[in-house]
Amino acid sequence: MTVREFRTEVWLVAHAIKTLGLDKGSAIAIDMPMNVNSVVIYLAIVLAGYVVVSIADSFAPREISTRLKISEAKAIFTQDLIIRGDKSIPLYSRIVEAQSPMAVVIPARGSSFSMKLRDGDLSWPDFLGRVKHFKECEFAAVEQPVEAFTNILFSSGTTGEPKAIPWTSATPLKAAADAWCHLDIHKGDVVAWPTNLGWMMGPWLVYASLLNGASMALYNGSPLSSGFAKFVQDAKVTMLGVIPSIVRAWKSTNCMAGYDWSAIRCFGSTGEASNIDEYLWLMGKACYKPIIEYCGGTEIGGGFITGSFLQAQSLAAFSTPAMGCSLFILGSDGYPIPENVPGIGELALGPLMFGASNKLLNADHHYVYFKGMPLWKGRVLRRHGDVFERTSRGYYHAHGRADDTMNLGGIKVSSVEIERICNAADNSVLETAAIGVPPSGGGPEQLVIAVVFKDSENTTADLNQLRISFNSAVQKKLNPLFRVSQVVPLSSLPRTASNKVMRRVLRQQLTQGDRNPKL
């Protein structure tokens, strides 16, 4: 699709949105797969002066309802179904069950659908039919102040109500600047990053590619299939974004074999801590092009730490704060350790970051991000909650969330650190989760490893032998004082909809239950 064709479609949808008669600045939700229609709708909502409410298409009715209520959405765009290969997953029925406001429903196939719409809901053809006489008529953008909201996104919501985080008119420029500065996205690039508008990387991808004059490549299907590998080849993708879980699955199934990814000039990686062996394997699929690590947050609108083509990169490591950001590693006294000194601790951010949030819709922004944080050179530092290590060579390693750290025999250690070692300790293991579990009678935390096997039918694994292997590897590569007390097999790890492992949930279940395989 050319820029001209794309712009014409955005104008037409913006004209049609105006016919809904909503108050200026009203919130309008999108609950759809990330495809051409959803991107057109996203930009049309912003162009017309309204606020997008981002809802992931994987959510159950209750989660959809929660987000609609918090954002006070006045309308929603959705599809009748989500088509995944030969599967049809209902979506409109979930919107109805969530008691959504008026919905505009797009047929996943063709121009009609079998189900009956609620009174007041509109089909996509009827919605566009209202403004057919406006085809190719420019829609004059509604001017907004820089602090006006353009998008409401939500944190994963693994505990309690999800945080509602508004993006302003400045946030898109933060996303695009990161992409320009750190991933060198420019005119002529083709950018692919499997994601959804319900998570920050969806809107990020829209702005990071289009504001920099690049093309955006959207695949309608699972990124875990060979179909996706063929799409990357045929679309001649030059910048491919991934998350480590996807790379792990690719390496395990080898579904990428036989496809030509030589057009790729760099990878981007975000979402969770990376694995060196898996990422070396990924680089090998594209003539050993570099991987730029990228870590940030929804409330930042992009990254705070990343890599750069202007610096030597190290696998599974970050080389620099993101442009315009300053980083501080807090020592055991709660204050920043000296700059350029190696160390590990909770990461804090300088409070001034272009495009970052300064408000939450359903929580106290100051309490969440600033209360209890140290003063540094006259400014209160901003909380992020990740544990980072700065190495003697000046690189940074992520060690998971601060609440994913555990205390083993008086030594603080990150779950991610242990998991990296256990994942490589036995060929039958697909992935692991390390959890510190207090014994029922009290006392020091015990290290329990939850395991997912490559062969999901594996019921004969010798868990005691595996525990011995894990012990040997952890004691050899991390600390001789650490000891794995139990191995628990699982069919899959519990994850948030944005794919982060919910170790807290596992810890809760293991603490409350009798720690048997029925978990």
Side-chain angles (χ1 to χ4, degrees), residues 1 3 5-18 20 22 25-59 64 67-68 71 73-79 82 91 95 100-106 108 122 124 127-128 131 139 141-142 144 148-154 164-176 179 191-212 214-220 241 298 301-302 355 498:
M1 181 181 270
V3 171
E5 291 164 340
F6 185 60
R7 185 187 290 137
T8 301
E9 289 210 18
V10 172
W11 284 346
L12 186 66
V13 174
H15 281 300
I17 289 171
K18 277 294 184 187
L20 298 177
L22 303 176
S26 291
I28 302 174
I30 301 175
D31 190 348
M32 294 172 61
M34 191 162 180
N35 53 31
V36 174
N37 281 332
S38 60
V39 174
V40 165
I41 291 163
Y42 182 96
L43 291 175
I45 292 170
V46 176
L47 191 72
Y50 298 105
V51 182
V52 178
V53 178
S54 293
I55 300 177
D57 62 357
S58 57
F59 279 139
I64 297 169
R67 286 155 176 76
L68 291 172
S71 63
K74 299 295 186 275
I76 184 169
F77 285 87
T78 189
Q79 284 184 185
I82 299 170
L91 183 56
I95 301 297
S100 80
M102 187 275 289
V104 177
V105 188
I106 300 165
L122 286 170
W124 183 242
F127 172 71
L128 294 181
V131 290
F139 184 96
V142 174
Q144 300 272 49
F149 297 165
T150 58
N151 197 173
I152 296 168
L153 296 110
F154 298 87
I165 300 165
W167 279 15
T168 68
S169 301
T171 316
L173 301 176
K174 160 65 176 168
V191 184
W193 204 315
T195 184
N196 184 268
L197 288 171
W199 307 110
M200 68 151 280
M201 289 311 291
W204 184 95
L205 176 62
V206 173
Y207 294 126
S209 52
L210 301 184
L211 281 176
N212 285 307
S215 302
M216 183 169 29
L218 301 173
Y219 180 69
N220 189 20
T298 306
S498 60

Do side-chain atoms of [X] reach the backbone of [Y] as a donor and acceptor pair under 3.5 angstrom?
{"X": "D31", "Y": "T78", "result": "no"}
{"X": "S54", "Y": "L153", "result": "no"}
{"X": "N35", "Y": "L218", "result": "no"}
{"X": "S38", "Y": "P33", "result": "yes"}

On a heavy-atom basis, which atom in [X] and which in [Y] lie closest, and how many Å separate them?
{"X": "P194", "Y": "G241", "answer": "CD-O, 3.2 Å"}
{"X": "A73", "Y": "P101", "answer": "O-CG, 3.4 Å"}
{"X": "I95", "Y": "S100", "answer": "CG2-OG, 3.1 Å"}
{"X": "Q79", "Y": "V105", "answer": "C-CG1, 3.9 Å"}
{"X": "L68", "Y": "S71", "answer": "O-OG, 3.3 Å"}
{"X": "A176", "Y": "Y207", "answer": "CB-O, 3.8 Å"}

Is there a side-chain contact between [X] and [Y], using heavy atoms and a 4.5 Å cut-off?
{"X": "V39", "Y": "F6", "answer": "yes"}
{"X": "I41", "Y": "M32", "answer": "yes"}
{"X": "M34", "Y": "L197", "answer": "yes"}

Against M102, only a single residue in I28, I76, L20, L22 fulfils side chain to side chain contact (heavy atoms under 4.5 Å, CB included); can you say which?
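Of the listed residues I28, I76, L20, L22, the side chain to side chain contact (heavy atoms under 4.5 Å, CB included) partner of M102 is L20.
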side-chain contact (heavy atoms from CB on, under 4.5 Å) partners for A208, two or more places apart:
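Expected list: A179, W204.
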For N196, all residues meeting side-chain contact (heavy atoms from CB on, under 4.5 Å), sequence neighbours excluded
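Once residues adjacent in sequence are excluded, the partners of N196 under the side-chain contact (heavy atoms from CB on, under 4.5 Å) criterion are A56, D57, W199.
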List the steps, then state whether side-chain contact (heavy atoms from CB on, under 4.5 Å) holds for Y42 with V13.
CA-CA 10 Å; Y42 182 96; V13 174; over 6 Å; no
Rounded to the nearest 0.5 Å, how far does [atom2] of [Y] lie from [atom1] of [X]?
{"X": "K74", "Y": "Y50", "atom1": "NZ", "atom2": "OH", "result": "12.0 Å"}
{"X": "L210", "Y": "R7", "atom1": "CG", "atom2": "CZ", "result": "11.0 Å"}
{"X": "L91", "Y": "I64", "atom1": "CG", "atom2": "CD1", "result": "6.5 Å"}
{"X": "W167", "Y": "M200", "atom1": "CH2", "atom2": "CE", "result": "5.0 Å"}
{"X": "L47", "Y": "W11", "atom1": "CG", "atom2": "CH2", "result": "9.5 Å"}
{"X": "F149", "Y": "Q144", "atom1": "CZ", "atom2": "CD", "result": "11.5 Å"}

Please assess I30 against I45 for the test side-chain contact (heavy atoms from CB on, under 4.5 Å), listing each intermediate value before the final yes or no.
CA-CA 10 Å; I30 301 175; I45 292 170; 4.0 Å; yes
Are V46 and N151 close enough, and set up right, to give a side-chain contact (heavy atoms from CB on, under 4.5 Å), and what steps lead you there?
CA-CA 8 Å; V46 176; N151 197 173; over 6 Å; no
Tell me whether the rings of F127 and F77 are parallel (<30°), tilted (30 to 60°) or perpendicular (>60°).
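Rings of F127 and F77: perpendicular, as their planes differ by over 60°.
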Contacts of type side chain to side chain donor-acceptor pair (under 3.5 Å), residue S215, not counting sequence neighbours
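By the side chain to side chain donor-acceptor pair (under 3.5 Å) rule, S215 matches no residue at all.
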